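Beneath this line is the structure, given in structure tokens, with notes to follow.
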Amino acid sequence: MRLGLALGYWGRGPDAGHVPLAQEAERLGYHSVWTAESWGSDAFTPLTWIAARTSTIRLGTAVAQMAARSPATTAMHALTLDHLSGGRMMLGLGLSGPQVVEGWYGRPFPASPLTATREYVDVVRQVLRREAPVEVDGRFHPLPYRGPDGTGLGKPLKPITHPLRAGLPVLLGAEGPKNVAQTVRIADGWLPLYWAPSRPEAYGEAVRELPEGFLVAPMARVKVCDDVAEGLLPVKAMLGFYIGGMGHASRNFHADLMARMGYEKEARRIQELFLAGRREEAVLAVPDAFADEISLVGPRERIAERLDLWRAGPVTDLLALSPDPHTLRVLAELNS
């Protein structure tokens, strides 16, 4: 099992510690570093900044939101950074949810998310292969555009720049069983959310038989500390926000996943509290047991013991959410 460093997205502003942390992860032998985006900082610019200050560590987006860019634009970002970094790019994509797609990007959330994702990946793959002008007779991402409000002058094109790698890895963030099953069919890897080593069934049957070489790269909060309960507080804060606030009361993919993992009553309670403006209570309502099973928190010996569970399953890459250099070092030692 390889190790990655997950930096997430910025809060109020850039984090001055991200580049030194990525450099330390590279020195420790981490395989990859990953950035994200929500509705603030983008995923590609910080990754490019890190690429210029590192030399071997792979560079991934976990995730770049599909609604933020047309698939051809995303492919342009990926092929450009792949060239500039000497072939270190890994493209992680996510559909996001209606709240972000419609509220931030001003686009309709696709009526068929599976079809929209499949078309998006198809365009990206065609651009990276550069075998012919890109053509997709798609419902959501047609190329060329042939809609009633178009000019009819669009023509199929292929990238002027020759991609460095036709096989640049494409990974998808997927939560529902049908989405996970499609991810296994069309992508090179999967970025699970809330991975619990003892509950793979929450993601469906596709997880049981994965293709050879398929990447499974979940993010997990990792913290070496004496007090487990205190170490879990950032995990509970994240879960309170995602379960409670990342979606509508009637449609929240994160809450639905938590429910499938055996915490349905607790997930609905967190939503109820968060949407009522009682955010601190929502965080406290996150069960320690749930936060713990998707994290690696506690003394060194406890993390070492629990790490065996992560290695025993399909996980190929553990992406550590840890802003602590000491924790990164301990994790590298335990995984060596």
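Values in this document were obtained by computation on a predicted structure and should not be read as measured data. Scope of the values below: all heavy atoms of this structure, side chains included, with no hydrogens, waters or symmetry mates.
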Legend entry - Euclidean distance, Leu331 CG relative to Leu28 CG, rounded to 0.5 Å: 9.5 Å
Legend entry - Side-chain (Trp10) to main-chain (Gly40) donor-acceptor, under 3.5 angstrom: no
Per-pair distances, 0.1 Å, donor-acceptor, side chain in residues 146-157, under 3.5 Å, sequence neighbours excluded:
unit_1, atom_1, unit_2, atom_2, d
Asp149, OD1, Tyr145, OH, 2.3
Thr151, OG1, Leu153, N, 3.1

Inset, instruction - May I have all residue pairs that pass ring-ring contact (aromatic ring centres under 6.0 Å, His included) and include part of residues 259-294, sequence neighbours excluded? - result: Tyr263-Phe290
Legend entry - Sidechain-backbone polar pair: Asp317 side chain, Leu215 backbone, donor-acceptor under 3.5 Å: no
Legend entry - Asp226 and Arg300 ion-paired at < 4.0 Å: no
Inset, instruction - Scan residues 207-221 for pairs that pass side-chain hydrogen bond (donor to acceptor under 3.5 Å, both in side chains), counting only residues two or more places apart or in two chains. - result: Glu205-Arg208
Inset, instruction - For the pair Glu119 (side chain) and Gly138 (backbone), establish whether a donor and an acceptor sit closer than 3.5 Å, ignoring hydrogens and angles. - result: no
Legend entry - Qualifying side-chain hydrogen bond (donor to acceptor under 3.5 Å, both in side chains) pairs, either residue in residues 54-64, two or more places apart: Glu26-Thr56, Thr54-Arg88
Inset, instruction - Establish, yes or no, whether the cationic atom of Arg53 lies under 6.0 Å from the six-membered ring centre of Trp49 and within 45° of the ring axis. - result: yes
Inset, instruction - Give a yes or no on whether a salt bridge exists between Glu24 and Arg329, defined as a side-chain N under 4.0 angstrom from a carboxylate O. - result: yes
Legend entry - Basic-acidic side-chain contact under 4.0 Å: Asp308, Arg311: yes
Inset, instruction - Could you tell me whether a side-chain N or O of Asp82 sits under 3.5 Å from a main-chain N or O of Met89, the two making a donor and an acceptor? - result: yes
Legend entry - Pairing of Arg302 and Glu305 as salt bridge, 4.0 angstrom limit: no
Legend entry - Sidechain N-carboxylate O distance under 4.0 Å for Arg269, Glu266: no
Legend entry - Gap between atom CH2 of Trp34 and atom CG of Leu59 - 0.5 Å precision: 9.5 Å
Inset, instruction - Scan for side-chain hydrogen bond (donor to acceptor under 3.5 Å, both in side chains) pairs involving residues 128-138, sequence neighbours excluded, and state none if there are none. - result: Arg130-His162
Inset, instruction - May I ask you to decide if the ring planes of Phe241 and Trp39 are parallel, tilted or perpendicular, using 30° and 60° as cut-offs? - result: tilted
Legend entry - Any residue meeting side chain to side chain donor-acceptor pair (under 3.5 Å) with Arg69, in chain and number order, not counting sequence neighbours: Glu37
Inset, instruction - Rounded to the nearest 0.5 Å, what's the gap from CG on Leu128 to CG on Leu164? Could you check? - result: 10.5 Å
Inset, instruction - Show the numbers, then the answer: is there a side-chain hydrogen bond (donor to acceptor under 3.5 Å, both in side chains) between Ser96 and Tyr105? - result: CA-CA 11 Å; Ser96 194; Tyr105 295 115; over 6 Å; no
